[in-house]
Amino acid sequence: GVAGNIAVPLLVINSDDDPICTPSNVDDNLWCFEGDVERALVRTPVGTHCCFYEGRTVWPRSSWSTDASLEFFQAVLVEA
């Protein structure tokens with residue numbers, strides 16, 4: 001897979017209800033996140049495709065994936 005050749009820190013956030021990146025796609029590429037690599041996978045049961053909304057309100061909605069991404073890359077910078 002392509003992800004195995006990525007040499008920079010990578011965070012993948014995927015939900016099992018994603019109609020585009022289905023659970024089988026994630027399962028087929030789990031090996032990319034094994035071992036001593038700067039790649040991380042966050043897998044959730046719900047979130048659809050790119051939403052990952054917090055709470056059950058109609059508006060305004062915020063996405064927890066933004067904070068998760070910032071935390072990941074801040075940790076990468078600390079380790080560098």
*Are the side chains of Pro9 and Arg39 in touch, meaning some heavy atoms are under 4.5 Å apart?*
no

*asked:* For a 4.5 angstrom cut-off between non-hydrogen side-chain atoms, does Val26 reach Pro23?
replied: no

*asked:* Using the rule that Ile, Leu, Val, Met, Phe, Trp and Tyr join whenever any side-chain heavy atoms are under 4.5 Å apart, tell me whether Val46 and Trp64 fall into a single cluster.
replied: no

*Cluster overlap Leu30 with Leu10, hydrophobic side-chain contacts below 4.5 Å*: yes

*Heavy atoms, side chains only, cut-off 4.5 Å: are Leu41 and Cys32 in contact?*
no

*asked:* Could you walk me through whether Thr44 and Ser15 satisfy the side-chain contact (heavy atoms from CB on, under 4.5 Å) test, starting with their C-alpha distance in whole Å, then the side-chain angles of each, then the deciding distance to 0.1 Å, before giving a yes or no?
replied: CA-CA 5 Å; Thr44 64; Ser15 67; 3.3 Å; yes

*Given side chains that start at C-beta, do those of Phe72 and Asp67 come closer than 4.5 Å, heavy atoms only?*
no

_Is there a side-chain contact between Val78 and Val76 in this structure, where contact means two heavy atoms from C-beta onward sitting under 4.5 Å apart?_
no

*Ile6, Phe73: one ILVMFWY side-chain cluster at the under-4.5 Å cut-off?*
no

*Could you give me the CA-CA distance, side-chain angles and deciding distance for Ile13 and Ser69, then say whether side-chain contact (heavy atoms from CB on, under 4.5 Å) is met?*
CA-CA 9 Å; Ile13 302 175; Ser69 299; 4.1 Å; yes

*Got a second to check how far Asn29's CG is from Trp31's CH2, nearest 0.5 Å?*
7.0 Å

*Do the side chains of Asp27 and Arg43 get nearer than 4.5 Å, heavy atoms only?*
yes

_If hydrophobic clusters are built by linking Ile, Leu, Val, Met, Phe, Trp and Tyr wherever their side-chain heavy atoms come under 4.5 Å apart, do Val8 and Phe33 end up in the same one?_
yes

*Does a side-chain heavy-atom distance below 4.5 Å link Thr48 with Asp18?*
no

*Pairwise side-chain contact, Cys21 with Asn14, heavy-atom cut-off 4.5 Å (strictly under)*: yes

